[in-house]
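Keep in mind that this is a model prediction, so the values were computed, not measured. Just the heavy atoms: all of them, side chains too, but no hydrogens, waters or symmetry mates, feed the values below.
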Amino acid sequence: MRVPSRSSGPRPGPVTPTAPAHRLPAPSGPTPVNGPDLAAYRAAVADLLVEVGALADAPSVAARQVLIDDRLREPALAAVLDATPQGFLGARETLLLEMARYQPHTRSSARDLTALVRIYLLSRIDVMWWRDTPAFLTDAQVQGSHDLVDLEWLRRRDLLRFRYREQPATVLGRGYQAMRRRLRPNGSPRTAGLLARRARREVVALLNDVGREFTASTPAGTPPLWVTSLTRSAEHQHRLRRLGYAAMLPSGHCVGYAVDVEMDWFARFGVRDTLAAVLLARQEAGEINVVDEGQAWHVCLAPSARQRLRRAYEAEMGV
């Protein structure tokens with residue numbers, strides 16, 4: 001394992017705010033037709049996480065910064081980061097700033113510093129994929145967008161192969177949800193629910209596909225796929241950050257192509273690994289990007305699968 005010593009090279013300066021988009025010099029040789037090698041990127045992230053874990057203690061701040069400066073310049077990592085809207089330098093400095101500000105929180109999926117780095121770096125694949133898609137900036141934009149459909153309308157017509165819970169909007173609703181949790185603590189995942197029950201048509205088709213495959217692969221009586229988060233506005237993403245969640249920006253959630261899928265709750269039914277296998281197989285096929293966030297997994301649709309899933313949605317819904 002390559003762990004830089006504290007004395008290797010000049011000491012890094014203080015963490016600076018996010019930089020504007022600066023690109024690395026174009027590499028020599030032909031550019032891959034299909035963009036960066038994502039398998040190589042994920043492998044390089046896994047290697048980096050081992051090294052970050054070895055420097056997770058508080059006195060290793062300077063060594064961690066040297067490590068990040070060094071490893072992120074490796075071609076497999078730099079190719080993806082340079083293709084994000086922030087460019088390589090912006091992505092690097094945002095990561096350093098996230099690490100400098102990191103505080104453990106019971107609400108956060110980033111249980112430790114290593115998890116924070118994993119979530120940030122793997123979610124950059126989403127950001128690279130959808131870099132040219134405008135984000136939903138406000139909650140009102142999410143609610144009013146014609147590019148999104150209302151899940152409740154579909155659910156009432158039995159057109160969904162997954163479940164979700166809507167976030168209560170009133171004190172009475174929150175009290176009812178709390179009472180249900182006390183009466184049946186394991187009856188459903190522990191999640192606040194969806195602020196907006198709206199999703200892109202392609203994402204609905206993806207979740208229905210995954211839901212059907214999951215149901216076919218599990219014993220009778222297993223609960224259906226459960227979705228804990230869908231489209232979010234940048235406004236809501238900032239709100240989650242203030243509450244202590246590891247809500248990254250930019251985010252695939254804010255363009256409507258990312259969802260969070262409950263994982264840990266399915267362990268009590270013995271099918272968590274089955275769901276993980278379904279999702280990872282689709283990642284291997286290039287259809288989605290998956291980020292292990294502990295209780296839930298973050299899933300983002302790949303642009304290459306968008307057209308097929310849009311046709312699937314239209315065929316399934318009869319539109």
Side-chain angles (χ1 to χ4, degrees), residues 1-6 8 12 14-16 18 36 38-81 84 86 88 90-128 228-229 237 240-241 243-253 258 260-264 267 272-273 276 279-280 283 289-300:
M1 178 178 70
R2 300 173 298 172
V3 179
S5 69
R6 293 175 181 267
S8 57
V15 175
T16 56
T18 302
L38 297 186
Y41 179 78
R42 293 183 179 109
V45 169
D47 289 343
L48 173 59
L49 294 177
V50 174
E51 300 179 84
V52 170
L55 296 173
D57 57 310
S60 299
V61 173
R64 284 199 302 269
Q65 185 163 339
V66 172
L67 171 68
I68 295 297
D69 281 338
D70 180 32
R71 299 299 177 263
L72 293 190
R73 294 183 183 277
E74 294 178 357
L77 292 171
V80 169
L81 299 181
T84 64
Q86 291 177 293
F88 173 81
R92 164 195 167 273
E93 293 190 16
T94 298
L95 175 57
L96 290 172
L97 186 59
E98 292 282 358
M99 294 173 71
R101 291 175 171 175
Y102 174 73
Q103 293 290 334
H105 198 290
T106 54
R107 289 174 171 164
S108 178
S109 55
R111 296 297 184 182
D112 54 31
L113 197 61
T114 303
L116 176 78
V117 175
R118 180 182 70 248
I119 292 168
Y120 178 81
L121 288 178
L122 292 180
S123 67
R124 296 313 87 185
I125 295 175
D126 309 359
V127 174
M128 175 190 69
T228 63
S229 183
Q237 202 78 341
L240 291 173
R241 289 175 67 86
L243 291 172
Y245 292 95
M248 301 298 174
L249 284 164
S251 169
H253 285 288
D260 292 340
V261 174
E262 174 66 32
M263 296 295 294
D264 281 0
R272 186 186 188 279
D273 290 346
L279 295 173
L280 291 174
Q283 176 174 270
N289 180 47
V290 174
V291 184
D292 180 351
E293 295 189 351
Q295 177 186 339
W297 280 17
H298 172 97
V299 177
C300 184

Which distance, rounded to the nearest 0.5 Å, do you find between the [atom1] of [X] and the [atom2] of [Y]?
X      : Y      : atom1 : atom2 : answer
Tyr245 : Ser229 : OH    : OG    : 10.5 Å
Ile125 : Cys300 : CD1   : SG    : 9.5 Å
Leu96  : Arg101 : CG    : CZ    : 12.0 Å
Arg73  : Leu81  : CZ    : CG    : 11.0 Å
Ser108 : Ile119 : OG    : CD1   : 6.5 Å
Leu77  : Arg42  : CG    : CZ    : 12.5 Å

Looking only at heavy atoms, which two atoms of [X] and [Y] are closest? And how far apart?
X      : Y      : value
Leu279 : Trp297 : CD1-CE3, 3.8 Å
Ser123 : Asn289 : CA-ND2, 4.5 Å
Asp264 : Gly294 : OD1-O, 3.5 Å
Pro250 : Val127 : O-CG2, 3.5 Å
Thr114 : Gly53  : OG1-CA, 3.4 Å
His253 : Ala258 : ND1-O, 3.3 Å

> Can you list the steps and then say if Met128 with Leu38 is a side-chain contact (heavy atoms from CB on, under 4.5 Å)?
Replying inline: CA-CA 11 Å; Met128 175 190 69; Leu38 297 186; 3.9 Å; yes

If we ignore hydrogens and angles and just use 3.5 Å, is the side chain of [X] paired with the main-chain N or O of [Y] as donor and acceptor?
X      : Y      : result
Arg241 : Ala247 : yes
Arg92  : Leu72  : no
Tyr41  : Ala78  : no

>> For Ile68 and Gln65: C-alpha separation, side-chain torsions, deciding distance, then whether side-chain contact (heavy atoms from CB on, under 4.5 Å) applies.
In response: CA-CA 5 Å; Ile68 295 297; Gln65 185 163 339; 5.8 Å; no

>> If only side-chain N and O atoms count, and only distance matters, is there a donor-acceptor pair under 3.5 Å linking Ser109 with Gln295?
In response: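 There is no such pair between these side chains.
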
>> Using side-chain contact (heavy atoms from CB on, under 4.5 Å), reason through Arg124 and Met248 one step at a time and then give a plain yes or no.
In response: CA-CA 9 Å; Arg124 296 313 87 185; Met248 301 298 174; 3.5 Å; yes

>> For Tyr120, does the six-membered ring have the charged nitrogen or CZ of Arg118 within the cation-pi criterion, i.e. under 6.0 angstrom from the centroid and within 45° of the normal?
In response: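 The answer is no; the distance or angle limit is not met.
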
> Which one of Leu48, Val52, Val45, Val66 satisfies the side-chain contact (heavy atoms from CB on, under 4.5 Å) criterion with Arg71?
Replying inline: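 By the side-chain contact (heavy atoms from CB on, under 4.5 Å) criterion, Arg71 pairs with just one of Leu48, Val52, Val45, Val66: Leu48.
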
> Hey, mind stepping through Leu67 and Asp70 against side-chain contact (heavy atoms from CB on, under 4.5 Å) and telling me if it holds?
Replying inline: CA-CA 5 Å; Leu67 171 68; Asp70 180 32; 5.7 Å; no

> Got a salt bridge between Glu262 and Arg272, using NZ or NE/NH1/NH2 to carboxylate O under 4.0 Å?
Replying inline: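 Salt bridge between Glu262 and Arg272, a charged N being under 4.0 Å from a carboxylate O: no.
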
>> Taking the side chain as everything from C-beta on, heavy atoms only, tell me whether Val290 gets closer than 4.5 Å to His298.
In response: no

